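For reference, the structure is listed below as structure tokens.
Only this structure's heavy atoms are used, side chains among them; waters, hydrogens and symmetry mates stay out. If you're wondering where the values come from, they're calculated on a predicted model, not measured in any experiment. In this chain, residues are counted from 1 in sequence order.
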Amino acid sequence: MSRPDSTLQSAADPSRYAASDLSPLLSPVVAAESAATWDAGPEVPAVPDELRPPAAAPVRERVAALHRRHLLRERRAQEFVADTMNARKGLPIADNHQVVRFIGRLLGDHRLLVVVVVVANALAATAGLLVPRLLGNLVDSTVADVEAGRVDAALAGANTAALVVAGLVVVQSLFTFAAKISSTVLGQNVLAAAREFIVRAILRLPLSRVESASSGDLVTRVTRDVGTMSESVRWALPESIIASITVVLTLVAMVSNSLVLSLPSIVLMTLALFQVRRYLKRAPKGYLTEGGTYSRINTTLTETVEGARTVEALGLGEQRLRRGDDDIEVSGQAERYTMTLRNLLFVVMDIAFSMPRVLVLLFGAIGYAQGWATLGQLTTAILYAEALWGPFDMLVHTVDRVQVGIASTTRLLGIATVPPDREAGSDRPLGRDLVGHDLRYAYRPGHDVLHGIDLDLRTGERLAIVGPSGSGKSTLGRLLSGIHGPRTGSVAVGGVELTALPLDVLRTEVALVTQEHHVFIGSVRDNVVLAREGSSDEQVRAALGAVDALEWVDRLPEGIDTRIGSGQQVLTPGRAQQIALARLILADPHTIVLDEATSLIDPRTARHLEGSMNALLTGRTVVAIAHRLHTAHDADRIAVVIDGRVAELGSHDELVARDGEYAALWRAWTS
């Protein structure tokens, strides 16, 4: 493949790329159309000018502009969440009620631990709150004893109080230790249950919905969102319980000491709660938008990396770089919104945290001078005010982290809200014939990629599907294997619609192997027996031998027991694909759809592999979607798919003699 003079040139002039620049089968017109698909017309700025601060303006105007930008970011967050909640494609997000029910169910499954956490923290807080009260009483009694000349009694009282305080500190430490242990266990158990739920939800996702979603969104949800949820469940949730209990008990203790001296803390805390409420009302949408921008960044990056050759061939480097910069700028605006919300919250909290100490001391001095407050009450009130705002500050901080976690949990639970794309029936196939009738399919409404295809596959037949890229070959393969349901028409095996079969039954009837593959962490045996649990070593070795993999597997350090996957023995793409084919052999379906399943293996090995599989595939119906035409040469029939239609159907010799589309492809392949 020849390379354009510059890989960073715009696709605005796609005619500069000749057919030879892209593919021996790609005409200049098609090359131009391919590059032009990236031209979406006049560019709309990713971030409107209204979100940019004025270059030079008076302070008053800059403050007003800052407020306008904040309101605009708020509106953008609301619009993003509304659009995502009602998304028909991609992955949705859950609503707040679903999150509350989910957390309630998790905590309800661990009621005993929740009770232990609450009781242990309540006892620890109570023990700690007795100390200020005891010290306040000590001050009053000491003042009274000194004024009465009972110095020895004052010293004895101080010694007794010191021993009691030491005992309370020890008791508080024990209860705190028990509370920390129980809250840690609760957090880890809830986290484990939450992760298991999310994994099950992901595994239940219909493949058609996964493919309609951006890869970056799914990756972000199962990485960043899972990590954020984990932090909230493991740390923020238990800490918020601890802080809440401490705050409530401290307020009770303050009121019991002196109602008047507790008023500054109660009033300022109440005023702070208005800002907390305002924050809680807006923060979820902000954090959801923030998470959505991370998905957008990952999507663009993934697409650019995976399509690096296309980007280079069409000179789209600058466009992809601009799109990445735009994504980062959009994400920055989303983060500015949540940062502003946090700053407004923390400013109010700092004021509410500092003022009570001053006001309690002021009220206490007035009260002592007027005779309605004692030095002991004033001492206790000051100590309680100090003790209150630490847990209250921690409560606000954990609430902030919980909000981030709730936003991530909302995105994760959105996966569980995706409805199934099929409903299994009770009918079972009465034969092995696979019949497709009037097959139409659209990834976007009103844009069919298949147009009324009819195929009747005879049992044991080998059908090759060929055609140019983008003609609908892989889509047809997914319909024939039951991955997608057709928009119109039907695909039935033995008289039963594929999408009406339970998945475990469907995969014993029809299986799909694509050029995409995955090696799981585990032994070679573990990876192969995924297709059929309980298979013996002999069956595993036979399956590996059928795909020409047994020789190199036996050379591994521990043979079929060698661990492979991430961080283990590294497999080449070709060997990983052989493992995927071995799974197929072990699954033993009667109909197999191969979507360029040997594309990652070098041509000579692929040819040998396909030859060795022939004997094993005898008696099975095979649909081979091929880009190597020697596969089509060996097939019983060949379907040439052009623009979503079967343009030609027949054997190799028949189609070559017809001198049509297939004959042109064959000549280009063999020339």
Residues which pass salt bridge (Lys or Arg N to Asp or Glu O under 4.0 Å) with [X], listed by chain and number, not counting sequence neighbours:
| X | value |
| --- | --- |
| Asp456 | none |
| Arg532 | none |
| Asp643 | none |
| Arg204 | none |

Run the side chain to side chain donor-acceptor pair (under 3.5 Å) test against [X] and tell me which residues pass, sequence neighbours left out.
| X | value |
| --- | --- |
| Gln333 | Arg73 |
| Glu497 | none |
| Thr591 | none |

- What residue pairs, at least two apart or across chains, pass ring-ring contact (aromatic ring centres under 6.0 Å, His included) with a residue in residues 297-333? none
Side-chain donor/acceptor pairs under 3.5 Å, residues 518-527, sequence neighbours excluded:
residue, atom, partner, partner atom, Å
Ser523, OG, Arg525, N, 3.4
Ser523, OG, Asp526, N, 3.0
Ser523, OG, Asp526, OD1, 3.4
Ser523, OG, Asp526, OD2, 3.1
Arg525, NE, Asp537, OD1, 2.7
Arg525, NH1, Asp561, OD1, 2.5
Arg525, NH2, Asp537, OD1, 3.2
Arg525, NH2, Asp537, OD2, 3.1
Arg525, NH2, Asp561, OD1, 2.9
Asp526, OD2, Ser523, N, 3.2
Asn527, OD1, Phe520, N, 2.8
Asn527, OD1, Arg583, NH2, 3.2
Asn527, ND2, Phe520, O, 3.0
Asn527, ND2, Ser523, O, 3.0

- With sequence neighbours excluded, tell me which residues meet side chain to side chain contact (heavy atoms under 4.5 Å, CB included) with Arg296. Ala46, Asp327, Val330
- Does Asp554 have any side chain to side chain contact (heavy atoms under 4.5 Å, CB included) partners at least two apart in sequence or in another chain, and if so, which? Arg541, Leu550
- Could you name each residue pair satisfying salt bridge (Lys or Arg N to Asp or Glu O under 4.0 Å) that touches residues 654-671, not counting sequence neighbours? Asp659-Arg667
